[in-house]
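Accompanying notes for the structure given below.
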Amino acid sequence: MISLIDNISKKMNTIEKIYKKLLEIYGPQGWWPLIEINGTNPTKTGSINGYHQNDYSYPRTKNQQFEIILGVILTQNTSWPQVEIALKNLKKNSLLSPKKITEKNINLIKKSIKPAGYYNQKSERIITVSKYFKSLKKTPSRDEILSIKGIGPESADSIMLYAFKIPEFIIDAYTKRIMKALGLISENAKYDKIKEIFERSIKKDTKIYQEYHALLVEHAKHYYKKGSDFKKDPLLKLLTS
DNA sequence: TTCCAGGCAATAC
DNA sequence: GTATTGCATGGA
């Protein structure tokens, strides 16, 4: 006898299956972390506070929205703990608002964000984005922010999804690595192609997109660090069973 | 010491 | 159009 559960699981596509499994393993992630929120999950590596599991109401203020945008730029090819230090420095120097950051000396910005690396490039990018954000009247389109120098596809999608709550699926290095290991994409699959696979497979929903991306990052930190053995990934068994 | 991290733009072919 | 390179810090 085929149970209802079996039927559902057979109909469920691979991308949905992975999402359910990851959520089951790790639970809700509470992204995007904000330094202003009191800590709810002290176990998260590198995080002092700011995660908000099961609460999708953030950002609640313009400054939180701005902080997310700066975090997106600062985390380009950089680990989150370093970004957190940079954000705290910016806050300490009263630079966590678009108005203030465009008024202050670039050297103070560079000094603040130095722990996050690439500080010459990132300071320019932060100033450019701050000027743009300061004069922003309504939610921008993806293409609009993608045209800003220093904002590529991943940063654009991250800003849309976490700062503006628009459902754009984010593809990052971890996501690519996982998808390749599972045999779901080819070696040279391009950003837009991978994004399409996810967006075609799951409900177009901001909360799900936010959660799924965060779960993929968390999962990758367990099984997909460079040089580690992908074959230990429990998702491999999930897909072959 | 060497390698890597929640990319991106410029340049080379 | 696709591949390579520079950007930079701090942790593993």
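Not measured: the values here are computed from a predicted model. The figures here come from the full heavy-atom set of this structure, side chains too, leaving out hydrogens, waters and symmetry mates. Lettering follows sequence order; numbering is per chain, from 1.
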Practice prompt. With heavy atoms under 4.0 Å as the rule, sort A/Ile151 into base, sugar-phosphate or nothing.
Written response: sugar-phosphate
Discussion item. Just N and O in the side chain of A/Asn120: are any of them under 4.0 Å from OP1 or OP2 of C/dA8?
Written reply: yes
Worksheet item: Between C/dT9 and A/Tyr119, is there an OP1 or OP2 to side-chain N/O distance shorter than 4.0 Å?
Response: yes
Worksheet item: Is the charged tip of A/Lys110 near the ring of A/Tyr119: under 6.0 Å from the six-membered ring centre and within 45° of its axis?
Response: no
Worksheet item: Using a cut-off of 4.0 Å on non-hydrogen atoms, how would the nucleic acid contact of A/Gln82 be classed: base, sugar-phosphate, or nothing?
Response: sugar-phosphate
Worksheet item: Which sits closer to the 5' end of DNA chain B, A/Ser158 or A/Gly150, going by the nucleotide each is nearest to?
Response: A/Ser158
Worksheet item: Would you say A/Lys226 reaches C/dA12's phosphate, i.e. side-chain N/O to OP1/OP2 under 4.0 Å?
Response: no
Practice prompt. Would you please indicate yes or no on a ring centroid separation below 6.0 angstrom for A/Phe230 and A/Tyr223?
Written response: no
Worksheet item: Given atom CD of A/Glu124 and atom P of B/dG7, what is their separation to the nearest angstrom?
Response: 21 Å
Worksheet item: Within this structure, what is the OH-to-P distance between A/Tyr118 and B/dA9, rounded to whole angstrom?
Response: 14 Å
Response to the item:
Between CG of A/Asn77 and P of B/dA9 the distance, given in whole Å, is 13 Å
Worksheet item: Using atom P of each nucleotide, how far apart are B/dA10 and C/dA8 to the nearest Å?
Response: 14 Å
Fill in: Ion pair check, A/Glu103 and A/Lys100, cut-off under 4.0 Å
no
Worksheet item: Looking for any heavy atom pair under 4.0 Å, which part of the strands does A/Ile148 touch: base, sugar-phosphate only, or nothing?
Response: sugar-phosphate
Worksheet item: When the distance from CD of A/Gln121 to C1' of C/dG6 is rounded to whole Å, what number comes out?
Response: 7 Å
Item to complete: Round to the nearest Å and state the distance from A/Gln76 atom CD to C/dT5 atom P.
Response: 21 Å
Worksheet item: Touch check for A/Ala116, heavy atoms < 4.0 angstrom, all strands: base, sugar-phosphate only, or nothing?
Response: nothing
Worksheet entry | Value in whole Å for how far the C1' atom of C/dT2 lies from NZ of A/Lys190 | 7 Å
Worksheet, complete the sentence: Winner on side-chain proximity to A/Lys114, out of B/dC8, C/dT9, B/dA10, is C/dT9
Worksheet item: Going by an N to O cut-off under 4.0 Å, is there a salt bridge joining A/Asp55 and A/Arg60?
Response: yes
Worksheet item: Can you check whether A/Ser79 has a side-chain N or O nearer than 4.0 Å to OP1 or OP2 of C/dG10?
Response: no
Discussion item. Which is more 5' along DNA chain B, the nucleotide nearest A/Leu146 or the one nearest A/Arg177? Just name the residue.
Written reply: A/Arg177
Worksheet entry | A/Glu199 bridged to A/Lys204 by N-O distance under 4.0 Å | no
Worksheet item: How is A/Lys122 classified with respect to the nucleic acid when contacts are heavy atoms under 4.0 Å: base, sugar-phosphate, or nothing?
Response: nothing
Item to complete: Choose from C/dA8, B/dC8, C/dT2 the nucleotide whose nearest atom is closest to any side-chain atom of A/Thr78.
Response: C/dA8
Worksheet entry | Nucleotide B/dC8, atom P - distance to CD1 of A/Ile126 in whole Å | 14 Å
Worksheet item: Between atom NZ in A/Lys221 and atom P in C/dA12, what is the gap in whole Å?
Response: 13 Å
Practice prompt. Flag the pair A/Lys149 and A/Glu124 as a salt bridge only when some basic side-chain nitrogen lies within less than 4.0 angstrom of an acidic carboxylate oxygen.
Written response: no
Worksheet item: With a non-hydrogen cut-off below 4.0 angstrom, is A/Asn188 in contact with a base, only sugar-phosphate, or nothing?
Response: nothing
